[in-house]
2 protein chains.
Amino acid sequence: MKQYTYKMGLTKSEIFTEQQNKIALIAKVFGHPARVAILEHLFRINSCVCGDLVDEIGLAQPTISQHLKELKHLGLIKGSIEGTSVCYCINLENWMNMKKVMLVFLDQDISKVNLC
Amino acid sequence: MKQYTYKMGLTKSEIFTEQQNKIALIAKVFGHPARVAILEHLFRINSCVCGDLVDEIGLAQPTISQHLKELKHLGLIKGSIEGTSVCYCINLENWMNMKKVMLVFLDQDISKVNLC
DNA sequence: TTGTTTCATTGCAATATTACGATTAATAAT
DNA sequence: ATTATTAATCGTAATATTGCAATGAAACAA
């Protein structure tokens, strides 16, 4: 999964574990409501083109296109060209892998946590 | 949980659902490996002060302090003053609530997803 | 009191993100 | 061939993020 190995700008990625960088890169993509909305829409609707999303979400076409690019970059969606339009959908295999990574982080052992 | 209702800069939060904004705000905080590392450290170690984290993580003290502030802001950690140092720990109740929100998003129904 | 420790805050430079108008590229329709 | 449709890309403005040196504030130690 080379999607998870990007540089993060000013972020000093090299001092963190691969796992920590993975989680951060995934989370960063989820860190915008438009991308959350796009994913939810793709889960609800079977098939989808970019134009639908522009109407559905209410941002300009270049903006949606840019968000789609980031989701594609992480591998969570894939698009297939159909005439003049592009059919985007969830990349299930990568979604499952992503989920696994996030669950390891979210399901941390709380039994030994000290309260202060 | 008023932690989830912040403005997101250029982001047009008003056109998204409260749920979508919640998820994005949580994810944004997880979108930096230092904050992931801090949380993992707080789960591993019972109690913790900022200085420990500076040594542990390898960023300058003001940088760690800033990341701690964001985690505190979302309510995922809380700090209690102990002399000259501050004891930070996980806010378990808020952690559980956060987890619930994220799991609803991650555990979306994949049975009806169309592949393309 | 004077210094020491510890963490927060301020200020700033470098870079990233968000959003959109304008344009381009590619296909489809007439 | 010409025009329409659709989505990607470019360019740019506004804003946010990251990181750290310098400084500040508060509690403790001598």
Side-chain angles (χ1 to χ4, degrees), chain A residues 6-16 20-21 24-25 27-38 42 47-74 77-89 116, chain B residues 6-16 20-21 24-25 27-38 42 47-74 77-89 116:
Chain A
Y6 287 115
K7 245 203 136 174
M8 288 187 78
L10 283 185
T11 300
K12 293 188 166 178
S13 313
E14 69 278 5
I15 67 173
F16 302 104
Q20 286 161 348
N21 284 316
L25 281 170
K28 212 172 180 183
V29 168
F30 292 154
H32 195 289
R35 293 189 288 267
V36 171
I38 288 170
L42 288 181
S47 153
C48 200
V49 291
C50 182
D52 288 2
L53 290 165
V54 172
D55 297 338
E56 173 78 15
I57 290 168
L59 290 170
Q61 181 266 321
T63 309
I64 297 292
S65 193
Q66 199 176 292
H67 285 306
L68 286 169
K69 194 181 180 183
E70 286 177 66
L71 289 167
K72 209 172 164 187
H73 198 215
L74 193 64
I77 64 172
K78 53 186 169 182
S80 59
I81 297 165
E82 304 217 344
T84 50
S85 62
V86 178
C87 168
Y88 277 109
C89 69
C116 63
Chain B
Y6 287 114
K7 244 202 133 173
M8 289 188 78
L10 283 186
T11 301
K12 293 188 167 177
S13 313
E14 70 277 6
I15 67 172
F16 302 104
Q20 287 162 347
N21 284 315
L25 281 169
K28 211 172 182 183
V29 168
F30 292 154
H32 195 289
R35 294 191 287 267
V36 171
I38 288 171
L42 288 181
S47 151
C48 200
V49 291
C50 182
D52 287 3
L53 290 166
V54 172
D55 298 340
E56 172 78 16
I57 290 168
L59 290 170
Q61 180 267 321
T63 309
I64 297 292
S65 194
Q66 197 177 293
H67 285 306
L68 285 168
K69 195 179 178 183
E70 285 176 68
L71 289 167
K72 209 173 163 187
H73 199 215
L74 193 64
I77 64 172
K78 52 185 170 182
S80 58
I81 298 164
E82 304 216 344
T84 51
S85 62
V86 178
C87 168
Y88 276 108
C89 69
C116 63

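Proteins come first, then strands; the chains are lettered A, B, ... in the order of their sequence lines, and each starts at number 1.
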Whole-Å distance separating the [atom1] atom of [X] from the [atom2] atom of [N]:
X: I77(B); N: dC7(C); atom1: CD1; atom2: P; answer: 12 Å
X: L53(B); N: dC20(D); atom1: CG; atom2: P; answer: 15 Å
X: I15(A); N: dG19(D); atom1: CD1; atom2: C1'; answer: 10 Å
X: E82(B); N: dA8(C); atom1: CD; atom2: P; answer: 13 Å
X: H32(B); N: dA16(C); atom1: NE2; atom2: P; answer: 12 Å
X: R35(B); N: dT17(D); atom1: CZ; atom2: C1'; answer: 9 Å
X: L59(A); N: dT17(C); atom1: CG; atom2: P; answer: 17 Å
X: L71(A); N: dT18(C); atom1: CG; atom2: P; answer: 11 Å

Is there a side-chain contact between [X] and the phosphate of [N], meaning an N or O under 4.0 Å from OP1 or OP2?
X: K28(A); N: dT17(C); result: yes
X: T63(A); N: dC20(C); result: yes
X: H67(A); N: dT17(C); result: no

**Report entry** Non-neighbouring partners of E56(A) that pass salt bridge (charged side-chain N to carboxylate O under 4.0 Å, His left out), sequence neighbours left out
**Finding:** R44(A)

Query raised in the report: Going 5' to 3' along nucleotides 2-9 of chain D, which nucleotides have protein heavy atoms under 4.0 Å from the base (write B), which only from the sugar-phosphate (write S), and which from neither (write -)?
Result: ---BSBBB

Requested in this report: Return the 5'-most residue of the pair G83(A), G58(A) with respect to DNA chain C, ranking by each residue's nearest nucleotide.
Outcome: G58(A)

Find out whether [X] and [Y] are in side-chain contact, i.e. whether some heavy atom of one side chain is under 4.5 Å from a heavy atom of the other.
X: C50(B); Y: V86(B); value: no
X: Y88(A); Y: D52(A); value: no
X: I77(B); Y: C89(B); value: no

Report summary line: Heavy-atom nearest pair, V36(B) first then F30(B), reads CG2-O, 3.4 Å

Query - More than 12 heavy atoms from other groups under 6.0 Å of CD1 on I81(B) - result: no

Listing, residues 63-71 of chain A side-chain donor-acceptor contacts under 3.5 Å, not counting sequence neighbours, or none:
{"unit_1": "H67(A)", "atom_1": "ND1", "unit_2": "R35(A)", "atom_2": "NH1", "d": "3.0"}
{"unit_1": "E70(A)", "atom_1": "OE1", "unit_2": "R35(A)", "atom_2": "NH1", "d": "3.3"}
{"unit_1": "E70(A)", "atom_1": "OE2", "unit_2": "R35(A)", "atom_2": "NH1", "d": "3.4"}

